[in-house]
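Presented below is the structure to which this report refers.
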Amino acid sequence: MGLLSLAIWTPIVFGCVLLAFGRDDQARTVRWVALIGSLLGFLVTLPLYGRFDTGTAAMQFVEKAPWIARFNVSYHLGLDGISFWFVLLTAFITVVVIISAWEVITERVNQYMGAYQIISGLMIGVFCALDGNLFYTYFEATLIPMYLIIGIWGGPNKIYAAFKFFLYTLLGSLLMLVALVFLYSKSGGSFDILTWHKLPLSGLSQTLLFFGFFAAFAVKVPMWPVHTWLPDVHVEAPTGGSAVLAAIMLKLGAYGFLRFSMPIAPDAAREWAWLMIALSLTAVIYVGLVAMVQKDMKKLVAYSSVAHMGFVTLGFFIFNDLGTVGGIVQMIAHGFVSAAMFLCIGVLYDRMHSRMIADYGGVANTMPNFTAFAVLFSMANAGLPGTAGFVGEWMVILGAVKYNFWIGAGAATALILGASYSLWMVKRVYFGPVANDNVRALTDIGAREFLMLGLLAAAVLYMGIHPKPFTDIMNVSVADFLKHVAASKL
């Protein structure tokens with residue numbers, strides 16, 4: 001079994017094993033099995049870093065075997081510099097989420113832990129798939145465990161949120177399925193994604209394919225105006241569900257633009273770039289303003305995620321190296337920062353059972369260690385230099401200025417807006433005098449929570465101070481990608 005198959009199937013196998021533990025009196029065993037499974041899932045991804053060749057844009061660690069021979073469907077996996085970091089990010093976040101749920105989840109623990117292990121393997125499968133049918137299978141299968149996580153362990157309106165999440169994402173993906181079938185027919189019966197990249201397609205075909213893929217990927221990112229499902233889902237989802245959704249699942253849509261929309265329909269991508277830039281800037285500016293007026297901490301961070309992901313799509317559709325690399329870096333950074341933000345809110349919610357900003361004040365007086373982490377992550381969310389949140393946004397802004405000064409100026413407003421809503425929340429939740437007796441009774445984080453937040457803090461600071469290892473891996477692949485997108489198929 002190859003390294004990519006190990007990365008995919010190790011968490012899935014452990015997830016299935018966990019489902020065999022049916023009683024909550026086995027919860028202690030379940031937690032340790034889940035932690036061991038997530039650690040092994042992360043460890044098997046580490047050799048990928050040591051063996052990755054940064055000097056080539058070709059797919060590496062390739063595995064290929066027949067799957068459905070009648071339709072020429074293959075179990076075809078591979079990684080390049082564009083997809084590489086998302087495999088490690090997914091495995092890393094899974095470890096953190098398992099630690100975060102250690103004491104919080106007390107009912108159906110095996111199902112909860114198992115769902116996260118399974119969804120981890122499925123999401124890694126999305127980033128590794130080089131067969132269109134395999135990609136679609138993994139892409140859609142991720143909906144099932146996340147739907148259950150929201151619908152079973154979510155808040156009071158969990159059923160509404162779970163259905164909204166499922167319907168939005170499923171309906172968008174159906175148009176992608178039509179696009180995949182068309183490409184299968186056009187390529188003479190091949191589901192090979194790299195073969196699809198080389199297909200000569202007419203302008204009309206490219207436009208239809210571009211918007212077919214747009215329907216699936218824009219909803220998943222989510223881009224404005226199809227973002228409305230995200231705040232509702234974040235509010236109702238359990239803390240771990242919000243962390244995985246923001247850190248990884250949103251990236252599946254942005255990754256789809258790079259693997260499908262732009263290389264398969266490059267002429268349409270360039271023709272409709274103005275629309276993608278307009279929608280991205282709307283997300284960056286308008287949704288950033290919406291985040292400023294939120295009273296619920298989870299909703300504020302949810303809207304900020306839409307704004308930050310707007311940077312990602314903006315970076316892709318300005319078609320230069322700074323923008324594209326910056327967009328990918330922003331996805332990785334947002335994975336660390338958004339997960340940390342939601343986990344911090346979860347720490348407070350576990351103690352106070354409230355996410356309303358007005359219910360807090362002066363938390364630094366009673367939880368100084370926790371506040372240090374929370375303020376660090378909030379500053380990273382605002383794009384503070386020296387943190388992961390700054391690197392990708394700054395690269396996208398530079399790329400946007402290179403493309404068009406006014407587009408770059410519009411993108412730069414996000415730094416002001418991000419600082420505004422982040423500092424607004426920090427001031428009211430953490431600083432000032434103790435607001436009430438509930439805050440006065442708060443206890444600081446223990447060893448488990450310190451470890452969870454410490455891992456994310458290390459990642460946020462390391463990427464912010466030393467981003468070169470991240471960009472080195474993607475540079476050659478991005479250069480090849482941009483060369484391909486610049487070539488006309490007409």
Side-chain angles (χ1 to χ4, degrees), residues 172 210-211 213-231 246 250-251 253-258 261-262 265-266 268-294 299-334 337-338 381-383 389-422 478 482 485:
F210 182 82
F211 283 104
F213 288 125
F214 175 86
F217 302 142
V219 169
K220 188 76 84 173
V221 169
M223 295 182 70
W224 182 91
V226 289
H227 68 288
T228 55
W229 62 271
L230 186 68
L250 304 189
K251 314 306 181 287
Y255 173 74
F257 282 119
L258 294 176
S261 305
M262 299 173 74
R270 293 195 303 272
E271 180 182 354
W272 293 98
W274 65 268
L275 176 63
M276 300 299 293
I277 291 171
L279 295 178
S280 300
L281 284 176
T282 303
V284 168
I285 300 170
Y286 168 71
V287 179
L289 291 170
V290 173
M292 291 181 65
V293 300
Q294 298 306 310
K299 273 198 171 182
L300 186 151
V301 178
Y303 280 112
S304 79
S305 289
V306 177
H308 285 115
M309 290 303 293
F311 259 103
V312 173
T313 49
L314 174 64
F316 293 166
F317 283 90
I318 56 179
F319 302 106
N320 60 43
D321 54 347
L322 275 171
T324 306
V325 172
I328 299 172
V329 169
Q330 172 68 359
M331 283 200 282
I332 302 164
H334 183 258
V337 176
S338 63
N381 197 49
F390 173 77
V391 182
E393 290 189 2
W394 185 241
M395 291 179 75
V396 171
I397 291 171
L398 290 177
V401 170
K402 182 179 177 181
Y403 178 82
N404 179 285
F405 173 80
W406 295 110
I407 290 175
T413 61
L415 296 178
I416 300 171
L417 293 173
S420 298
Y421 56 69
S422 296
V478 167
L482 290 172
V485 173

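Computed from a predicted model, the values in this text were never measured in an experiment.
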Side-chain contact, heavy-atom cut-off 4.5 Å: Ile277 with Leu314?
yes
Can you give me every donor-acceptor pair (side chain of residues 299-312, partner residue at least two apart or in another chain, under 3.5 Å) with its distance?
from, atom 1, to, atom 2, distance (Å)
Ser304, OG, Val301, O, 2.7
Ser305, OG, Val301, O, 3.2
Ser305, OG, His334, NE2, 3.2
His308, ND1, Ser304, O, 2.8
His308, NE2, Asn381, O, 2.9
His308, NE2, Glu393, OE2, 3.1

Once salt bridge (Lys or Arg N to Asp or Glu O under 4.0 Å) is applied, what residue pairs with a partner in residues 396-405 remain, sequence neighbours excluded?
Asp321-Lys402
Quick one: CE on Met331 to OH on Tyr255, what's the gap to the nearest 0.5 Å?
9.5 Å
Considering all heavy atoms of both residues, which atom of Gly383 and which atom of Phe390 are nearest to each other, and what is their separation?
O-CD1, 3.3 Å
Quick one: does Thr313's side chain get under 4.5 Å of Leu279's, heavy atoms only?
no
Side chain to side chain contact (heavy atoms under 4.5 Å, CB included) assessment of Phe257 paired with Phe214
CA-CA 8 Å; Phe257 282 119; Phe214 175 86; 4.1 Å; yes
Measure across Ile397 and Ala412 and return the closest heavy-atom pair with its distance rounded to 0.1 Å.
CD1-CA, 3.8 Å
Minimal heavy-atom distance between Ala254 and Val221, with the atoms involved, is N-CG2, 3.6 Å
Where Gly253 and Phe217 come nearest, the two heavy atoms and their spacing:
O-CB, 3.3 Å
Distance col, row Tyr421:OH vs Gln294:CD, nearest 0.5 angstrom, shows 11.5 Å
Determine the minimum heavy-atom distance between Lys251 and Ala246, stating which atoms define it.
NZ-O, 2.5 Å
Less than 4.5 Å apart, any side-chain heavy atom of Glu271 and any of Phe210?
no
Could you grab the distance from atom CG of Leu230 to atom CG of Leu250, nearest 0.5 Å is fine?
5.5 Å
Separation between OG1 (Thr324) and CD1 (Ile318), nearest 0.5 Å, reads 7.0 Å
Report yes if some heavy atom in the side chain of Phe211 is under 4.5 Å from a heavy atom in the side chain of Leu275; otherwise report no.
yes
Return the orientation label for the Phe319 and Phe317 ring planes: parallel under 30°, perpendicular over 60°, tilted otherwise.
perpendicular
Between CG on residue Leu482 and CZ on residue Phe316, distance to nearest 0.5 Å
10.5 Å
What heavy-atom pair brings Ser280 and Met223 nearest, and what distance separates the two atoms?
OG-CE, 4.0 Å
